[in-house]
J.: 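Handing you this structure, nothing more for now.
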Amino acid sequence: MIFDNVTVITMNPRREILTRAAVAVEGARIAAVGKRREVLDRFPSQEPIDTDGMLLMPGLIDTHVHTAQAMIRGCADDLGLLDWLGKRVWVMQGNYTAEDGRASAALCALEMIKSGTTGFIESMLAERYGFDGVAEVAVRSGMRAAIGKIVMDLPSYAKTEGFMHPGMVEDGRTSVENTLAAFDRWNGAGDGRLQVWFGPRTPGGVTLALYDQISRLAGERNMGITMHLSEVREDLEYAASVGYRSPAALAHAHGLLGPRTVLAHCVWTDEQDWRLFAETGTTASHNPASNAKCASGIAPVRGMLAAGVNVALGCDGGPSNNTYDMLRDLRLASYLANLRENDPTVIPAETVLEMATLRGARALGLEAEVGSIEPGKRADFILIDLDKPHMTPAFDPVSTVAYCAHGSDVDTVVIDGRLIMQGRRVLTLDEDEIVSEARRRAPAVAARAGLQLGSRWPVL
Ligand SMILES: [Zn+2]
């Protein structure tokens with residue numbers, strides 16, 4: 001395939017932007033990137049796809065996703081965290097069947113593809129959502145994914161004991177065994193696009209002995225680990241109560257930090273924590289919309305970046321965001337950093353774009369394979385249609401993408417050299433069927449959970 005007549009944000013080491021350019025794909029990889037004439041002359045027998053001046057850039061990588069939460073979008077708006085989790089989110093999720101888990105993952109994948117996300121990290125896939133169904137959807141979607149299977153042995157949340165909904169509780173031995181079984185069955189599936197990781201619950205949900213076991217098993221298999229860390233202030237109190245300076249110090253002491261580890265949120269972290277992340281190559285996944293909605297705090301992104309931490313971006317979930325549209329969150333990541341630091345220069349458009357692409361690729365362990373448009377890299381990219389009022393004029397394409405574009409402006413998605421969406425039509429998943437199934441299943445889950453969901457205003 002040759003995409004002709006594009007503007008390319010390459011994200012190559014020189015960060016070049018090419019106008020009147022073309023990108024050629026051979027098999028799963030990018031064969032050529034350059035000015036139109038050079039590329040077209042190299043492949044004279046290939047009929048190019050004329051994009052009419054679209055913008056081509058690396059696919060977005062969402063480093064913190066709960067696929068099971070797409071179908072409970074909006075079930076817990078405007079609530080404090082404990083009510084949010086204890087009265088709504090866990091009650092809904094604790095009533096999921098494996099068929100609900102599969103249907104929600106399909107809805108989530110569809111939304112991600114339609115907003116330009118090409119790779120993601122699922123952070124906490126519970127047993128009851130059905131690993132095989134979700135993995136099958138991930139492979140079928142054509143996306144690149146790391147699925148973190150939940151591991152836990154305590155039903156607490158931070159220092160609140162016995163808090164988890166009974167439908168969500170798993171025991172340590174089974175949750176580890178099932179993670180390893182899923183790894184053996186699915187790791188490397190979909191031509192290597194699927195990875196299986198450990199997704200332990202945050203400190204308070206896992207005993208220290210089980211963390212030690214997870215670190216050892218992950219190290220032996222070079223498996224990734226993803227975990228929520230220091231999302232809310234209570235997490236600091238929990239770490240102190242078990243004898244650690246911070247949740248990051250706890251994670252470090254139990255072998256959880258390293259280049260194959262992605263920690264979501266990291267809101268309540270300090271310089272000593274950042275040094276640990278930087279020294280170990282740990283990724284921090286910044287989730288600006290979720291943190292803002294739940295009033296968790298604004299993560300210290302400037303400090304982490306200055307300390308040399310790999311900071312990537314995540315949308316989190318349907319009840320905390322409430323969408324999986326990364327482009328909305330690029331803008332929020334920058335704007336919130338300005339507000340936190342009282343300085344509009346700290347996280348410019350270029351930095352958020354790096355967080356959503358190159359830094360996300362590093363989080364997945366794929367920095368040599370994806371995250372930029374360079375010959376030899378895997379062809380994971382998106383095309384954005386700039387011909388819209390809200391993106392006119394586009395003086396600087398980087399600013400236009402970071403601050404103006406919506407997910408619905410993404411026209412085409414290519415992953416591993418394969419067309420996944422063209423002209424906004426997803427080619428790997430059946431959109432009508434997935435949306436109607438989610439519409440059917442969501443109220444049934446709410447009914448089983450005994451929840452009345454709907455408008456707080458009178459509906460006539
Ligand atoms: Zn989360």
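Atoms within a ligand are numbered from 1 in the order they appear, just like the ligands themselves.
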J.: Once ring pair (Phe, Tyr, Trp, His ring centres under 6.0 Å) is applied, what residue pairs with a partner in residues 301-330 remain, sequence neighbours excluded?
T.: none

J.: Can you list everything that forms a salt bridge (charged side-chain N to carboxylate O under 4.0 Å, His left out) with Arg425? Sequence neighbours excluded, please.
T.: none

J.: Just to verify, what does Arg275 make a salt bridge (charged side-chain N to carboxylate O under 4.0 Å, His left out) with, not counting sequence neighbours?
T.: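 Counting only residues at least two positions away or on another chain, Arg275 forms no salt bridge (charged side-chain N to carboxylate O under 4.0 Å, His left out).
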
J.: For distances below 2.8 Å, what is the count of protein N, O or S atoms around the Zn ion (ligand 1)?
T.: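 Number of qualifying protein atoms: 4.
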
J.: Between His254 and Tyr244 (judged by ring centroids, cut-off 6.0 Å), do the two rings come close enough to count as a pair?
T.: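 Between His254 and Tyr244, the centre distance is under 6.0 Å.
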
J.: Indicate whether the side chain of His265 and that of His286 have a donor and an acceptor atom separated by less than 3.5 Å.
T.: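 Side-chain D/A pair, His265 to His286: absent.
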
J.: I'd like to know if the side chain of Thr207 pairs up with that of Asp153 as donor and acceptor (distance under 3.5 Å, no hydrogens or angles considered).
T.: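 A pair is found: one side chain offers a donor N or O, the other an acceptor, under 3.5 Å apart.
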
